Number of protein chains: 4
Amino acid sequence: MTDISGISGNQLRLFIEKVECLEEEKNDLMENLRDVFAEAKSVGFDVKIMKQIIKLRKMKKEDVVEQEELLDIYKAALGMLPSFESLDEQAA
Amino acid sequence: MTDISGISGNQLRLFIEKVECLEEEKNDLMENLRDVFAEAKSVGFDVKIMKQIIKLRKMKKEDVVEQEELLDIYKAALGMLPSFESLDEQAA
Amino acid sequence: MTDISGISGNQLRLFIEKVECLEEEKNDLMENLRDVFAEAKSVGFDVKIMKQIIKLRKMKKEDVVEQEELLDIYKAALGMLPSFESLDEQAA
Amino acid sequence: MTDISGISGNQLRLFIEKVECLEEEKNDLMENLRDVFAEAKSVGFDVKIMKQIIKLRKMKKEDVVEQEELLDIYKAALGMLPSFESLDEQAA
DNA sequence: CTGCCATTTTACCGGC
DNA sequence: GCCGGTAAAATGGCAG
């Protein structure tokens, strides 16, 4: 039954069962997440806004900052920095 | 302390921290998942096929059959199924 | 005019405007695509199946066959193919 | 050949051909886009940064602003506004 | 030519 | 029950 066509059925089965196990854990977690949001909502919070806040907090943690220098060079070249006339004005 | 606009900051804070905690756990799990696939790949398995297998195992068997049937109906309607011609050829 | 840091703002501006123009055209096309699917759905077609069909038509036929074969090999290795038992049953 | 199992093969074919036609146009556009980026790169621009700029310009055009009031209420409740002690400090 | 990353597409979930 | 938005999967381009 196993080791057909040169692949190890047992090895494959182990990988797949491992994946399925991890996915089950993940589903549990996501259910917990939904529960938290549901409870928050039930006491009057706006879930959509909560998600925005969480996203903001996540973004802040990211580097982002690194390439901003280079970005500023290009912005300056484009006149997108405050001190220059901006591309946006032309677009408007 | 910060109950502004009728919202309890502390309560909201707790919800958000709970969410962020759960999301972190989820990220860990997903990293584990990636690792499993990476290892499977490194020993020669085809990750894409593995995912198809896992998806099939997740679906209810009746749904699998139903979808395959529908696909065949559409194929037939478009003449993509060789069945008819080949039947003719066999009959000839 | 704004050649700061050795970068030509005008040249960059032209590139970016060209990109934005092309992306706008692309957005129009994608909206058209959505409309087509929506209309197909409104007259009773299953959009998901339609997309499967389109993907199949895009693939080279040999690749389709190859992938199906590989899938069957994996299924066999996992005992997901009824073929063998049913053959035995038929022999019995 | 058509109208098997109660679906109209011709109708389906028309939908699908329309989709494939639109997708071809889209592929052409995307190739043009790649060409623009390639040329920009060839004269020394950083494609990644260009894409960031384009993304920024896109975001500015979006509303975004609407729900920011409500968002601020929550931020205030969380102490995320300048005048209050922030969640971030606690996280740090 | 292989692995990585970004983009795109698909599937899911909650809301109306 | 459909639609919208959001998260996951897959595809494709790019660099090394």
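From a predicted model like this one, the values you see are computed outputs, not experimental measurements. Every chain is numbered from 1 and lettered A, B, ... according to where its sequence line falls, protein lines coming before strand lines.
Taking the side chain of A:Arg34 as heavy atoms from C-beta on, and the options E:dT8, F:dA9, E:dG14, the nearest nucleotide is E:dG14. Distances from the side chain of B:Lys48 to the nucleotides E:dT8, F:dT11, F:dA7 place F:dT11 closest.
Between A:Met30 and B:Lys41, the residue anchored nearer the 5' end of DNA chain E, judged by the nucleotide with its closest heavy atom, is B:Lys41.
Look at CD on B:Gln52: it is 15 Å from P on E:dT10, rounded to the nearest Å. Regarding D:Glu31, its CD atom lies at a distance of 17 Å from the C1' atom of E:dT8, rounded to whole Å. Rounded to whole angstrom, the span from the NZ atom of B:Lys58 across to the P atom of E:dA11 amounts to 12 Å. Taking atom CG of D:Asn27 as the reference point, atom P of E:dT7 lies 17 Å away to the nearest angstrom. Whole-Å rounding puts the D:Ile49 CD1 to F:dC14 C1' distance at 16 Å. Going from atom CG of A:Leu33 over to atom C1' of F:dT6 covers 13 Å, rounded to whole Å. Rounded to an integer number of Å, the gap from C:Ile54 CD1 to E:dT8 P is 19 Å. Spacing between atom CG of B:Asp46 and atom P of E:dG3 amounts to 13 Å, rounded to whole angstrom units.
Using a 4.0 Å heavy-atom criterion, one finds that A:Lys51 contacts no nucleic acid atom at all. Heavy atoms of B:Lys55 sit nowhere under 4.0 angstrom from any nucleic acid atom.
With a 6.0 Å radius and a threshold of 12 heavy atoms from other residues, nucleotides or ligands, B:Glu20 has its CD atom above the threshold. In this structure, C:Glu24 places its CD atom where only 12 or fewer heavy-atom neighbours from other residues, nucleotides or ligands lie under 6.0 Å away.
Atom-to-atom distance recorded for D:Arg13:CZ and B:Met80:CE is 10.0 Å, nearest 0.5 angstrom.
A cation-pi arrangement is absent between D:Lys18 and C:Phe37 under the rule of less than 6.0 angstrom and at most 45 degrees off the ring axis.
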